[in-house]
Amino acid sequence: MQLWKGRFQKALSKTTNDFNSSISFDSRMFREDIEGSIAHSKMLGECGIIEKEEAEKIGQGLRGILADIESGSLAIDPEAEDIHTFVEGELTSRLGDTGKRLHTARSRNDQVAVDLRLYLRREIANTITLLNGLLSVICDKAEQYAETIMPGYTHLQRAQPITFGHHLLAYGEMLLRDADRLRDCERRMEVMPLGCGALAGTTYPIDRSITAKLLGFDAVAENSLDGVSDRDYCIELASALSIIMVHLSRFSEEMILWCSHEFKFIELDDAFSTGSSIMPQKKNPDIAELVRGKSGRVFGDLMGLLTVMKGIPLAYNKDMQEDKEAIFDAVDTVKMCLTAFTPMLDTMKVLPQNMRKAAAGGFINATDCADYLVKKGLPFRDAYKATGEIVALCIEKDLTLETLPLDEYRKICDVFDEGVYEAIGLERCAYERRSQGGPCPDNVRRNAARIRAAIAEKA
Ligand code: ARG
């Protein structure tokens, strides 16, 4: 059924109809479409634009349609132009003329805008729940490995010793910001477009505050042209989702590195790894690789949305129908990635002895050796230079800072004494980094507790 038949003599050809139609992807908004229509009809009744009894019948009819779609007894017609057309058509076939009154003082342009906001608002809440689930696994692991020494890297070169808990909590901070970004985005989404009509509001005496209240919006769009053609909230959400994917992708990359034979810091559970069809020894981190790879889709969705919106004149243009597949894909992908990633992290086996072994090579405690000299009164630059010479000497003699004899130390700088060996002990190097934000176990425990409290407070 088409809603706009009157002016036309011919129906659309099948291919044109398929091209024009959005039902294949907007039918997922059936709940929101019905919810929006129930609120709209109620407002029409309260404002005396339609009879109260008719508004009541429309509400009942819409609730019936919702129940039937949910129970599976009513199938959404794939030939309908979009979900709005389908629901209105179904209502009219159930209620006759009364159903035809629903679209008074409304356009599909403000209708689709409200549906999408309602839908995305829910999806933001679902995504935050998934983010919180991952955050809580991160906190569990961080507490469990608060004292586990691992090498910290810059340029993927061993740099300074840290704790594994601290490393994990870096992702905790990122994801905490991500949840906050989603909440921000949701806050700006709380503006109701219904009542903007096609583009220019309406001459009917509508009361938009009634609809806004019924649908739980904080405010109404104050400019009708903007109200129907604003898709900032999709772009903003796709952007927040893209940043989540950046974080998940980096985390995945580290998991992939860590479970390689070169690192061997972790082992992924069999349930989250796959084998090779030819190489019997292989255990591949496919799930982490897929999460890393899927980041590309979400960035693509963001680019698609920006590009669709950048050149269209006010107000609604059909180009905007392209918003849905992009934003739905971005939301679906992020939810799917979080759902796959969380149990993978939760079930990974950590190999602390390998982390420690890696931390013991590569002169990771050289900064601490220099700091030891500074504590004995040397200016940092001189201490740095002396330590550099000591490292060079160790490399030449195939020794480490721990195994270089004291007399060799003293040949380079006579300030060294026996205390140096204690000062460069790995545990000490990591555990004494107690500055705020540093990797010591107390900080890890404190920050894990802080993150847990933040989740609980905003839940
Ligand atoms: N299916 C359309 C969309 O998703 C609904 C709005 C249609 N409005 C119109 N004037 N053709 O954007």
Side-chain angles (χ1 to χ4, degrees), residues 1-8 10-37 39-40 62 69 76-92 100 102-123 189 191-202 211 215 221 224-235 237-238 301 304-332:
M1 199 220 38
Q2 272 142 11
L3 292 171
W4 33 267
K5 286 199 286 238
R7 187 196 189 289
F8 292 80
K10 282 191 201 162
L12 284 182
S13 75
K14 163 93 176 106
T15 44
T16 312
N17 186 57
D18 290 348
F19 183 68
N20 190 50
S21 158
S22 55
I23 191 95
S24 62
F25 49 85
D26 66 18
S27 59
R28 64 161 82 193
M29 301 193 301
F30 72 88
R31 278 190 198 86
E32 292 72 21
D33 193 71
I34 291 172
E35 196 183 339
S37 289
H40 178 67
L62 288 166
I69 297 176
I76 295 175
D77 176 10
E79 297 302 313
E81 187 180 331
D82 51 30
I83 189 63
H84 329 296
T85 311
F86 173 75
V87 172
E88 193 187 328
E90 181 61 28
L91 186 74
T92 302
K100 292 188 199 159
L102 168 63
H103 211 53
T104 315
R106 187 177 73 169
S107 154
R108 277 184 298 163
N109 297 351
D110 55 352
Q111 190 179 352
V112 72
V114 84
D115 289 6
L116 195 51
R117 283 175 190 256
L118 288 171
Y119 181 87
L120 294 177
R121 192 162 85 169
R122 278 190 188 133
E123 289 294 46
M189 218 179 265
V191 177
M192 196 206 56
L194 218 50
C196 291
L199 75 161
T202 177
T211 347
L215 296 172
S224 62
L225 296 174
D226 179 49
V228 287
S229 62
D230 167 25
R231 292 295 181 274
D232 292 3
Y233 58 97
C234 295
I235 296 172
L237 177 57
D301 294 328
L305 283 165
L306 287 167
T307 313
V308 164
M309 293 308 294
K310 81 175 180 66
I312 50 179
L314 295 177
Y316 178 84
N317 298 266
K318 189 76 170 204
D319 315 42
M320 289 160 68
Q321 182 165 285
E322 292 291 311
D323 59 0
K324 279 171 273 317
E325 282 163 295
I327 194 64
F328 292 162
D329 182 68
V331 170
D332 293 349

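We count ligands from 1, going down the list as the structure has it; atoms in each ligand are counted the same way.
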Next on the checklist: Checking Asp323 now: which residues fulfil side-chain hydrogen bond (donor to acceptor under 3.5 Å, both in side chains) with it, not counting sequence neighbours?
Outcome noted: Arg231
Item to check | Set of ring-ring contact (aromatic ring centres under 6.0 Å, His included) partners for Phe30, sequence neighbours left out | outcome: none
Checklist entry - Can you name the residues that form a ring-ring contact (aromatic ring centres under 6.0 Å, His included) with Tyr316, not counting sequence neighbours? => result none
Checklist entry - Could you go step by step and tell me if Ser21 and Asp18 meet the side-chain hydrogen bond (donor to acceptor under 3.5 Å, both in side chains) rule? => result CA-CA 5 Å; Ser21 158; Asp18 290 348; 6.0 Å; no
Checklist entry - Can a salt bridge be assigned to the pair Arg117 and Asp230 using a cut-off of 4.0 Å between side-chain N and carboxylate O? => result yes
For ligand 1, output the ligand-protein N/O contacts shorter than 3.5 angstrom; if there are none, return none.
from: ligand 1; atom 1: 1 (N); to: Ser22; atom 2: OG; distance (Å): 3.0
from: ligand 1; atom 1: 1 (N); to: Asp82; atom 2: OD2; distance (Å): 3.1
from: ligand 1; atom 1: 1 (N); to: Gln321; atom 2: OE1; distance (Å): 2.8
from: ligand 1; atom 1: 4 (O); to: Lys324; atom 2: NZ; distance (Å): 2.7
from: ligand 1; atom 1: 8 (N); to: Asn109; atom 2: OD1; distance (Å): 2.9
from: ligand 1; atom 1: 10 (N); to: Asn109; atom 2: OD1; distance (Å): 3.1
from: ligand 1; atom 1: 12 (O); to: Tyr316; atom 2: OH; distance (Å): 2.5

Next on the checklist: Apply salt bridge (charged side-chain N to carboxylate O under 4.0 Å, His left out) to residues Glu81 and Arg108 and explain how you reach the verdict.
Outcome noted: CA-CA 12 Å; Glu81 187 180 331; Arg108 277 184 298 163; 3.1 Å; yes
